[in-house]
Each structure stands twice: as structure tokens, then as C-alpha cells.
There are 2 protein chains.
Amino acid sequence: MKIGKLAKLTACTIQTIRYYEKEGLLDTVKRSEGNYRLYDSRAIKQLMFIKHCRSLDITLSEIRQLIEIRDSPETTCNNVNALVDRHIKQVDLRIEELKELKRQLKILRRKCTTGRVVKDCGILLELSQ
Amino acid sequence: MKIGKLAKLTACTIQTIRYYEKEGLLDTVKRSEGNYRLYDSRAIKQLMFIKHCRSLDITLSEIRQLIEIRDSPETTCNNVNALVDRHIKQVDLRIEELKELKRQLKILRRKCTTGRVVKDCGILLELSQ
DNA sequence: GTTGACTCTATAGTGACTATAGACTTTAAA
DNA sequence: TTTAAAGTCTATAGTCACTATAGAGTCAAC
């Protein structure tokens with residue numbers, strides 16, 4: 001299978017697949033006579049693993065770690081658990097930050113009602129302090 | 001006042017100040033004989049305005065718009081209100097996305113308990129599907 | 001044989017900074 | 001007065017995870 005088909009099957013762009021290869025997340029695969037990459041089902045699995053991780057906002061560097069861990073099947077997986085725990089904490093923190101941000105924005109928004117002219121705009125006045 | 005003092009007063013880094021100037025958010029200021037930038041209180045105000053906006057996650061491009069609007073004091077400020085409203089919506093959307101992400105991560109986390117070996121790790125198994 | 005679809009590499013751009021190199025200026029101490 | 005340290009200058013590259021483009025090569029069908 002060539003890269004276009006893999007891209008369709010996995011709903012990745014061709015550029016992204018090549019990018020993951022360059023970053024060492026996908027194995028390099030053999031090439032056709034015309035230098036086209038040739039993929040098999042193993043590549044689909046690898047790519048879906050990456051996609052799944054990315055959909056959970058796991059960074060490429062963390063994915064690299066997970067791949068490395070996965071390839072030592074007899075070690076304990078405590079570091080996998082730790083990685084996920086750390087990730088949940090980060091997401092939580094970001095949610096709290098954004099909630100506070102929203103609160104601030106709403107306060108700001110209330111400083112001005114529609115139809116004023118700029119020099120009386122409560123929002124701009126507030127932002128200028 | 002030279003750039004280092006401005007940086008201290010506003011808790012910005014020197015590089016960031018120069019960056020904002022390059023991006024047209026800060027006025028270019030006059031220079032000393034030795035080509036050092038010389039700032040006055042006007043620069044402090046401009047920079048604090050930018051900082052205040054950035055703390056609300058307003059993009060540099062939006063800040064540019066706000067500056068432009070602010071400099072036409074007789075026009076209505078409806079576009080300021082619209083910009084803030086749009087921003088609140090975006091933040092809200094992002095919060096919802098992150099909440100869903102957190103839910104997914106927690107589900108994932110429950111797939112594995114501590115102390116297993118990698119080849120039995122429920123998290124890695126789940127991610128591989 | 002030629003058109004069109006596909007693929008290749010290499011490079012630049014995104015946003016909002018951050019970091020570095022190498023040179024110049026100013027200030028303070030010896 | 002020298003010199004060392006601290007401050008500043010410009011220009012450039014790096015960050016992250018892609019995305020977009022240029023220009024060239026490959027392949028299949030008509």
C-alpha cells in the first residue's frame with residue numbers, strides 16, 4: 001500500500017505521515033523501485049496508536065516514551081500510569097486556568113454596553129489600566 | 001529609561017519588548033547616542049495594555065485591532081464588544097473540549113492498575129486499538 | 001505519447017515567544 | 001586610567017505539531 005491509501009485509511013494527511021516518520025514515531029518502511037514508501041498492516045497499527053494518543057493530546061515526545069516502554073514488555077508499566085496521571089493533572093490545571101480567564105473576560109465584557117463611542121468604551125478603558 | 005528598566009517595571013522580558021516593537025504593537029522610540037532604546041511613561045502604558053490583553057489570551061493580531069480601534073475615538077466600539085464576545089465563546093469551547101479530554105483520559109487510566117508488566121498494561125492495550 | 005494522478009525531497013510558514021552568537025556601549029571598581 | 005562587568009544591539013535559529021509550497025520524478029490509463 002502506498003502513502004495515499006494509508007492516509008485515507010487512517011484519516012491522516014500524507015504530510016503528517018511523513019512527518020511522523022521523520023520524527024521517529026513510525027518505522028521507516030521499504031520502498032518501491034520508484035522510491036515510493038510501501039506500507040503494510042503493521043504501519044496502520046502504528047499510525048492508529050499515534051492518532052489515538054494525539055486525540056488525547058499526548059505529545060509526540062510522550063508518544064515516543066510510550067513506544068519505548070511498550071517495546072520492553074517485561075518491565076512494569078508504572079511509568080505509563082504516571083504519564084497518564086501527569087497528563088490528567090495538566091489538563092485539569094488548564095481547565096481551571098481557562099475558567100478563570102472566562103470569568104475575567106466576562107467582567108471585562110460588562111464594562112461596556114453596545115452603541116458607545118470608542119473614547120467612552122469601558123472595555124478599552126479597563127484594558128488601558 | 002532603557003529597555004532593562006522597562007522590562008523590570010512591566011515584568012516583561014527584554015526580548016519580548018523588542019518582539020512587540022518589531023510586530024508593530026509598541027511604537028518605535030527614540031534612541032540614545034549609543035543606539036539604546038529610550039522609553040518614557042507612554043511606553044509603560046502601551047506595554048501594560050498589551051500585557052493585560054495577553055493575560056486574557058487575546059492574540060497579538062486582536063491586540064493590533066484593538067489598538068487601531070482605540071485610535072479612532074469617535075467611532076462606535078461595537079467591534080470591541082464583538083471581539084470580546086467572540087473570545088469568550090472560544091474559551092468556552094476550549095473548556096468543553098478539555099473536559100471531554102479529561103473524561104477520556106480518566107477512562108483510559110482506569111484500564112490499568114499499578115504493578116503490572118508492560119505486556120499486560122491495559123492502557124497500552126487500549127491505545128493500540 | 002501524453003495527460004493526470006500520485007509521490008518524492010527540501011524548504012518555509014504558523015504564533016508568540018525564547019535563546020544564542022557576536023559585537024558594541026556604558027558603568028563601576030581597582 | 002584601565003579594565004572588568006553589566007547592559008544593550010542586531011540577526012538568526014529554535015520551540016511544537018503540523019501545513020503548505022515548489023519543483024521534480026513515477027505510474028496508469030486512454
Side-chain angles (χ1 to χ4, degrees), chain A residues 1-26 28-40 43 46-67 87 90-91 94 97-98 101, chain B residues 1-26 28-40 43 46-67 83 86-87 90-91 94 97-98 101:
Chain A
M1 161 183 22
K2 283 179 287 183
I3 199 167
K5 187 160 181 206
L6 180 63
K8 277 225 175 87
L9 280 176
T10 57
C12 274
T13 69
I14 290 172
Q15 291 102 305
T16 300
I17 295 172
R18 291 199 280 241
Y19 174 69
Y20 288 160
E21 181 189 311
K22 194 157 72 74
E23 291 298 307
L25 297 167
L26 284 175
T28 53
V29 293
K30 59 179 187 296
R31 302 287 186 114
S32 72
E33 282 187 17
N35 198 34
Y36 288 5
R37 290 171 181 83
L38 295 176
Y39 296 99
D40 55 17
Q46 287 182 354
L47 190 45
M48 291 309 289
F49 178 81
I50 298 170
K51 276 211 81 176
H52 199 161
C53 290
R54 289 297 299 138
S55 76
L56 298 170
D57 246 14
I58 296 172
T59 65
L60 297 194
S61 151
E62 288 172 329
I63 296 173
R64 251 188 298 267
Q65 292 170 49
L66 287 176
I67 290 173
H87 208 68
Q90 274 172 28
V91 171
R94 187 64 187 145
E97 283 173 4
L98 286 179
L101 177 59
Chain B
M1 164 184 19
K2 282 179 286 184
I3 199 167
K5 188 162 181 204
L6 180 63
K8 277 225 176 87
L9 281 176
T10 58
C12 273
T13 70
I14 289 173
Q15 291 102 306
T16 300
I17 295 172
R18 290 198 280 241
Y19 173 69
Y20 287 161
E21 180 189 312
K22 194 157 72 74
E23 291 298 305
L25 296 167
L26 285 175
T28 54
V29 292
K30 60 179 186 298
R31 303 287 185 113
S32 72
E33 282 186 15
N35 198 33
Y36 288 6
R37 292 171 179 82
L38 295 175
Y39 296 100
D40 55 16
Q46 287 181 353
L47 190 45
M48 291 308 291
F49 178 81
I50 297 170
K51 275 211 81 176
H52 199 161
C53 290
R54 289 297 298 137
S55 76
L56 298 169
D57 246 13
I58 296 171
T59 66
L60 298 194
S61 150
E62 287 172 330
I63 296 173
R64 251 188 297 269
Q65 292 171 46
L66 287 174
I67 289 172
L83 194 153
R86 216 163 46 233
H87 209 68
Q90 274 172 28
V91 171
R94 187 65 187 143
E97 283 173 4
L98 286 179
L101 178 59

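Each chain gets a letter, A, B and so on, in the order the sequences are listed, and its residues count up from 1. Excluded from the calculations below are hydrogen atoms, water molecules and symmetry mates; all remaining heavy atoms, backbone and side chain alike, are included.
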Task: Residues B:Arg18 and B:Glu21 bridged, charged N to O under 4.0 Å - done: no
Open item on the list: Side chain of A:Ile3 only, heavy atoms from C-beta on: which candidate in C:dC8, D:dC9, C:dT18 is closest?
Closed with: C:dC8
- [ ] Using the closest heavy atom to pick a nucleotide of DNA chain D for each, name whichever of A:Gly34 or A:Tyr20 lands nearer the 5' end.
- [x] A:Tyr20
Task: Nearest-Å distance for atom pair CD1/P, residues B:Ile17 and C:dA16 - done: 18 Å
Task: Whether A:Lys51 side chain and A:Thr10 backbone form a donor-acceptor pair below 3.5 Å - done: yes
Task: Electrostatic pair B:Asp57:A:Arg94 at N-O distance under 4.0 angstrom - done: yes
TODO: With the side chain of B:Gln15 defined as its heavy atoms from C-beta on, choose the nearest nucleotide among C:dT7, D:dT19, C:dT20.
DONE: C:dT20
- [ ] Give a yes/no on whether any side-chain N or O of A:Arg18 is located under 4.0 angstrom from OP1 or OP2 of C:dC8.
- [x] yes
TODO: Side chain of A:Tyr19 only, please: which of D:dC9, C:dT9, D:dA17 is the nearest?
DONE: D:dA17
TODO: Would you check, one step at a time, whether the test side chain to side chain contact (heavy atoms under 4.5 Å, CB included) holds for B:Phe49 with B:Ile63?
DONE: CA-CA 9 Å; B:Phe49 178 81; B:Ile63 296 173; 4.2 Å; yes
Open item on the list: Does C:dT18 have OP1 or OP2 under 4.0 Å away from a side-chain N or O of B:Thr13?
Closed with: yes
TODO: Answer yes or no: does a side-chain N or O of A:Arg37 lie under 4.0 Å from OP1 or OP2 of D:dT26?
DONE: no
Open item on the list: Measuring only between side-chain heavy atoms, which start at C-beta, is A:Arg37 closer than 4.5 Å to A:Thr28?
Closed with: no
- [ ] Decide yes or no, distance alone: a donor-acceptor N/O pair under 3.5 angstrom between the base of C:dT7 and the side-chain of A:Tyr36.
- [x] no
- [ ] Measure from CG on B:Leu47 to P on C:dC17 and round the result to the nearest Å.
- [x] 11 Å
TODO: Indicate whether OP1 or OP2 belonging to C:dT18 is found under 4.0 Å from a side-chain N or O atom of B:Thr16.
DONE: yes
- [ ] Let me know the distance between NZ of A:Lys5 and P of C:dT7, rounded to the nearest Å.
- [x] 12 Å
- [ ] Measure the distance from CG on A:Leu6 to P on C:dC8 and round it to the nearest whole Å.
- [x] 11 Å
Open item on the list: By nearest heavy atom, map B:Arg31 and B:Lys8 onto DNA chain D; which one lands nearer the 5' end?
Closed with: B:Lys8
TODO: Would you mind telling me which of C:dT26, C:dT9, D:dC18 lies closest to the side-chain atoms of A:Arg54?
DONE: D:dC18
TODO: Grab the CD1-P distance between B:Ile63 and C:dG15 for me, whole Å please.
DONE: 13 Å
Task: Contact nearer the 5' end of DNA chain C, comparing B:Leu60 with B:Ser32 - done: B:Leu60
